[in-house]
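Note that these values count all heavy atoms, side chains included, but never hydrogens, waters or copies made by symmetry. As the structure lists them, so they are numbered: ligands from 1, and atoms in each ligand from 1.
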Amino acid sequence: MNPATLIPTADALTVPWGWFQFLLMLTFPLHLFAMNAMLGTALTAFICHLRPERAYQELSHELARALPFIMAFTINLGVAPLLFVNVLYGHLFYTSSIMMGLFWLAVIPILIIAYYLAYIYDFKFDKLGNLARFAILVVLLFLMAVGFLFSNNMTMMLSPASWLRWFAEPGGTLLNLADPALLPRYLHMMIGALAVGGLCVALYSSTVLKHDAGVAEAGTRLGMQLFTLLTGLQILIGAVFLLMLPAEVMKRFIGNNILATGLLATGVLLAIASLVTSYRRNITATLCLVIPLIYVMAFMRDSVRTGYLEPYFDMATVPVNVQWSPLVFFLVILVLGLVVIAWMLSRLRGVKKVG
Ligand code: HEM
């Protein structure tokens with residue numbers, strides 16, 4: 001059977017696809033930033049439990065307080081890209097979501113348990129004693145499991161050929177484990193997240209926690225060490241990921257597509273430069289390199305998606321029935337929402353200072 005015949009017809013768009021693509025590429029990296037901070041905070045808090053010094057115990061308590069906030073941001077900042085992925089790739093994304101339905105629905109209970117545990121870790125930090133380290137380890141593993149399920153869905157939706165398995169296994173239990181690029185992709189995502197998360201911890205410690213010099217120093221040192229170590233490892237994992245991509249997709253990055261090749265070169269240069277600055281413990285310079293790096297990686301990931309879909313789907317062929325009002329309404333709500341979030345954050349800072 002020709003797998004292309006399994007692909008449902010794409011729904012008509014209400015504005016030209018470039019608008020949705022722009023909004024997807026604007027909002028997805030925001031989800032990534034928050035997700036990175038969340039995973040890095042959880043890992044650093046766990047490592048702190050393995051160190052007996054007072055500064056590390058205090059640091060884990062401070063990170064326990066921050067974690068539920070960062071989780072809320074990660075989940076909420078995931079909603080916007082989810083909407084745009086649905087609009088642009090709904091016919092592919094819904095199909096793969098149904099094929100792995102059991103696992104996909106499991107994301108919700110896994111997240112609820114992780115969220116609940118993160119609150120227990122925060123509110124009952126002192127009472128938990130030695131159990132605290134297990135609580136935060138479970139939170140970290142559950143969150144990484146959610147990331148794994150996302151990687152499965154985001155890759156399975158790109159491979160209609162893998163959908164043929166559904167006829168033999170229609171129970172919603174399919175994953176994309178046979179794809180050789182899945183594991184390197186997931187590791188690339190997770191190691192990058194934990195590295196950038198380490199940088200976030202260093203930034204948080206050196207700014208918000210600077211009232212306690214010992215804690216600030218412990219957080220800055222640990223966070224920057226994590227960033228340097230994991231980013232070094234990432235260069236290797238990233239190369240393996242590139243090599244594991246289907247040949248036609250990989251070739252986009254080594255000359256077949258000027259934009260993709262330029263993105264890869266820029267990404268590698270930014271990563272190497274960030275290694276140098278993090279080795280020198282320069283948080284600001286590292287951050288200035290990592291923010292564009294994450295955007296570059298998000299665009300590369302999008303180019304991978306286009307490469308995978310080239311034989312099956314061309315966005316430019318989707319019909320457009322122009323209706324501007326929903327987009328305008330969305331943009332107005334988006335701006336209002338951002339203003340409210342900025343206001344809430346400013347209030348939160350005020351509360352912390354008083355406390
Ligand atoms: C809190 C735990 C979460 C973690 C650790 C996480 C992690 C990830 C990872 C690793 C990816 C990339 C997968 C890949 O391409 O291989 C991803 C993509 C994505 N995540 Fe999350 N995620 C989480 C929660 C959420 C939630 C709750 C939402 C929605 C409300 C969401 C929305 C998205 C979307 C839409 C994408 C794909 C965007 C695109 O393909 O352009 N995430 N996430």
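Between the side chain of Glu62 and the backbone N or O of Leu209, no donor-acceptor pair lies under 3.5 Å. For Asn282 (side chain) and Ala285 (main-chain N/O), a donor-acceptor pair under 3.5 Å exists by modelled atom type.
Between Phe33 and Tyr295, some side-chain heavy-atom pair lies under the 4.5 Å cut-off. Looking at heavy atoms from C-beta onward, Ile75 lies in side-chain contact with Leu111 at the 4.5 angstrom threshold.
Note on ligand 1: Met71 sits outside its first shell, no heavy atom being nearer than 4.0 Å. Ligand 1 is never approached by Met144 to a heavy-atom distance shorter than 4.0 Å.
In terms of protein heavy-atom proximity, atom 36 (C) of ligand 1 is closest to Phe28 CE1, 3.7 Å. The nearest protein atom to atom 41 (O) of ligand 1, hydrogens excluded, is given as Arg305 NH2, 3.1 Å; this is a heavy-atom distance. For atom 1 (C) of ligand 1, the nearest non-hydrogen atom of the protein is Leu111 CD2, 3.4 Å. Here the protein heavy atom with the shortest distance to atom 13 (C) of ligand 1 is Ser151 OG, 3.5 Å. Nearest protein heavy-atom neighbour of atom 11 (C) of ligand 1: Phe150 CB, 4.2 Å. Here the protein heavy atom with the shortest distance to atom 5 (C) of ligand 1 is Leu143 O, 3.3 Å. If you check which protein heavy atom lies closest to atom 6 (C) of ligand 1, you get Met35 CG, 3.7 Å.
The proximity of Val146 to ligand 1, defined as any non-hydrogen pair under 4.0 Å, is limited to the side chain. At a heavy-atom distance under 4.0 Å, only side-chain atoms of Met190, from C-beta outward, approach ligand 1. The proximity of Asp302 to ligand 1, defined as any non-hydrogen pair under 4.0 Å, does not occur for either the backbone or the side chain. Residue-level proximity to ligand 1 for Val85 is carried by the side chain, the only part with a heavy atom below 4.0 angstrom.
Considering backbone and side-chain N/O of Arg301, one or more are found under 3.5 Å from N/O of ligand 1.
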message = Determine whether Ser205 and Thr220 satisfy the following criterion, side chain to side chain donor-acceptor pair (under 3.5 Å), listing intermediate values before the conclusion.
response = CA-CA 6 Å; Ser205 306; Thr220 308; 5.0 Å; no

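The atoms of ligand 1 that sit less than 4.0 Å from any heavy atom of Val79 are 29 (C), 30 (C). Distances below 4.0 Å separate heavy atoms of Ile75 from the following atoms of ligand 1: 27 (C), 30 (C).
When all heavy atoms of Val201 and Thr41 are compared, the pair lying nearest together is CG2-CA, 3.9 Å.
Grouping Ile, Leu, Val, Met, Phe, Trp and Tyr residues whose side-chain heavy atoms lie under 4.5 Å apart, directly or via other members, leaves Leu102 alone, with no other cluster members.
Between the side chains of Thr286 and Ser278, no donor-acceptor pair is found at a separation under 3.5 Å. Thr155 and Asn176 form a side-chain donor-acceptor contact under 3.5 Å, judged by distance and modelled atom types alone.
The residue from Leu149, Asn176, Leu82 that puts a heavy atom closest to atom 35 (C) of ligand 1 is Leu82. With Arg185, His31, Met38 as candidates, the residue nearest to atom 2 (C) of ligand 1 on a non-hydrogen basis is Met38.
The existence of a salt bridge linking Arg252 and Glu310 is confirmed by a sub-4.0 Å separation between a basic side-chain nitrogen and an acidic carboxylate oxygen.
Shown here is Phe69, whose CZ atom has no more than 12 heavy atoms of other residues, nucleotides or ligands within 6.0 Å.
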